[in-house]
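Inspection log for the structure reproduced underneath, given as structure tokens.
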Protein chains: 2
Amino acid sequence: MNASDKVIGRLSHYRLLLSKLESQGKTFVFSRELAIMADGTSAQVRRDLMVTGYEGNPKQGYNVSDLLDELNKFFNFSRGVNAVLIGTGSLGRALLSYFMPKKSRYNIMAAFDSELSKTGRIIAGTRCCHINELEFELKSLGSVVAILTLPAEAAQTMATRLTNCGIKGILNFAPVRLRVPDDVYVENIDVTMSLEKVAFFANQKSEDREKEV
Amino acid sequence: MNASDKVIGRLSHYRLLLSKLESQGKTFVFSRELAIMADGTSAQVRRDLMVTGYEGNPKQGYNVSDLLDELNKFFNFSRGVNAVLIGTGSLGRALLSYFMPKKSRYNIMAAFDSELSKTGRIIAGTRCCHINELEFELKSLGSVVAILTLPAEAAQTMATRLTNCGIKGILNFAPVRLRVPDDVYVENIDVTMSLEKVAFFANQKSEDREKEV
DNA sequence: AGTTAGCTGTTACAAATTTCACAGCGTTAA
DNA sequence: TTAACGCTGTGAAATTTGTAACAGCTAACT
């Protein structure tokens, strides 16, 4: 099975929508309804769901709970998602509170920082270790993904260290494209770039409006 | 001129790379070099740069400063990017420090929150107003984009309020697809979805590796 | 001045992604 | 039981996005 990046992103979104619907007590949902919530088309929803193998019912649509189970199986998150976070600057700390350990399926097992003043503490329920202990800690943690919230200059070095430890997935907030082996997946979130995109298109839309008048 | 979302994103990235190169004293750069830094191909770089109209030199490549100027002109950020931020939770505050007012070209003019306890203060150099003052404040601020860092439940209501005020661009961190008029651009950053993508592909890559053996 | 090497700009091609369209099916209603 | 409706699953078309290839040019060298 090979699904593209985009399909996986949307499936994750459908998963979220379905869990909302389930908690609202809805038992069946049509592709069209999901499409509206996900800002897509019904054909796209159906096509995306094909990769999971789950089949809907021509009259009732999709069974919310069953499809949700199927997606959870598909994502294979039975034991939740385990991660480590590197860099406890303001963004790193914000993510630690965001994924605060409790009912969430996302567990940040440990945070790391190079500044001694920040280590040895608990931040938002997560223990913060010195970066020197990275390799040692990762050995006992097993399979995890890494969240990189550190300055651009330090990101590549850290990515290399992480891949050397066998890390296969990195969520990178540093505005740098990381060079990693083929068997490692990197997802970039570049807030500045996104903001510039928004500003650009906002500008453009304003200008379009002016022209029309 | 109509450039796609993706092209604009990459141009923004080139802009960042060029400003780094300029500060390093590099005067000329080849499409191939930019491609390596941006994790793309040289053809794509050249193709992307076509939309700006700037032309390079077949022997020396692109003049770093000139191309940077051209891109700044293209993005029309001469007076910087002005934004307001809605929601001063942990993520909102992290972004306020990230875009801390100083040499940055990104100015968060004001932050808003519905909790009275958080308003009337200065957070990371940005004054925080009560959400009731949104419409009033926006009038005096002129053209800005909005950054939404608030709970999913509140996002749609706020998006509607913002578009009613004439906002044309929204950077949305809430895990909801916003319904806005056609002349408003929305860029979504969904950290949870991105993390799930990373976890999924990391899983897959690990499995692929096991099969090969 | 003429030649050469190698990069750019751009067109043509290829791949990926989305949308269309419709056969087939399951439920409902008569 | 049968008929009808309307949704799903999916092959095929359309669109979008990325890649390849090459003519043309410019600096450097003879």
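The sequence lines fix the lettering, A, B, ..., with proteins before strands; numbering per chain opens at 1.
Rounded to an integer number of Å, the gap from CE of Met50(B) to C1' of dT10(C) is 6 Å. Atom CD in Gln44(B) sits roughly 17 Å away from atom P in dA21(D) (whole-Å rounding). Here the P atom of nucleotide dT8(C) and the CG atom of Asp48(B) are 14 Å apart, to the nearest Å. Here dT27(C) presents its C1' atom at 15 Å from CG of Asn63(A), a figure rounded to the nearest Å. Here dC7(C) presents its C1' atom at 13 Å from CG of Leu34(B), a figure rounded to the nearest Å. If you measure from atom OH of Tyr14(A) to atom P of dT8(D), you get 12 Å, rounded to the nearest angstrom. Look at NZ on Lys6(B): it is 18 Å from P on dT15(D), rounded to the nearest Å. Across the protein-nucleic acid pair, Asp5(A) atom CG and dT18(C) atom C1' stand 16 Å apart, rounded to whole Å.
Counting non-hydrogen atoms under 4.0 angstrom, Ser31(B) reaches the backbone sugars and phosphates but no base. Backbone-only contact: Ser4(B) has heavy atoms under 4.0 Å from sugar-phosphate atoms and none from a base. Looking at heavy-atom distances under 4.0 Å, Phe28(A) makes no contact with the nucleic acid at all.
By the 6.0 Å contact criterion, CZ on Arg32(A) is open, its count of non-hydrogen atoms from other residues, nucleotides or ligands being 12 or less.
At a cut-off of 3.5 angstrom, the base of dA28(D) holds no donor-acceptor pair with the side chain of Lys59(B). Side-chain N/O atoms of Arg47(A) and base N/O atoms of dT19(C) include a donor-acceptor pair closer than 3.5 Å.
Of the possible polar contacts, none joining the Ser97(A) side chain to the Met100(A) backbone as a donor-acceptor pair under 3.5 Å is found. Judged by distance alone, the side chain of Asp113(B) and the main-chain N or O of Thr88(B) form a donor-acceptor pair under 3.5 Å.
Residue Asn57(A) has a polar side-chain atom (N or O) positioned under 4.0 Å from OP1 or OP2 of dT27(C). Here Arg46(B) does not reach the OP1 or OP2 of dA20(D): none of its side-chain N or O atoms lies under 4.0 Å away. Using a 4.0 Å cut-off, no side-chain N or O of Arg32(A) falls inside it from OP1 or OP2 of dG6(D).
Relative ring orientation between Phe75(B) and Phe200(A) is described as perpendicular, the plane-to-plane angle rising above 60° on a 0-90° scale split at 30° and 60°.
Taking the charged nitrogens against the carboxylate oxygens, Asp183(B) and Lys205(A) have no contact shorter than 4.0 Å, which rules out a salt bridge.
Residues Arg10(A) and Gly61(B) each lie close to DNA chain C; by heavy-atom proximity, the contact nearer the 5' end of the strand is made by Gly61(B). Mapping Phe30(A) and Pro58(B) onto DNA chain D by nearest heavy atom places Phe30(A) closer to the 5' end of the strand.
Distances were taken from every side-chain heavy atom of Ala43(B) (C-beta onward) to each of dT10(D), dA20(D), dT17(C); the shortest belongs to dA20(D). Checking dT19(C), dT8(C), dA27(D) against every side-chain atom of Tyr62(B), the shortest atom distance belongs to dT8(C).
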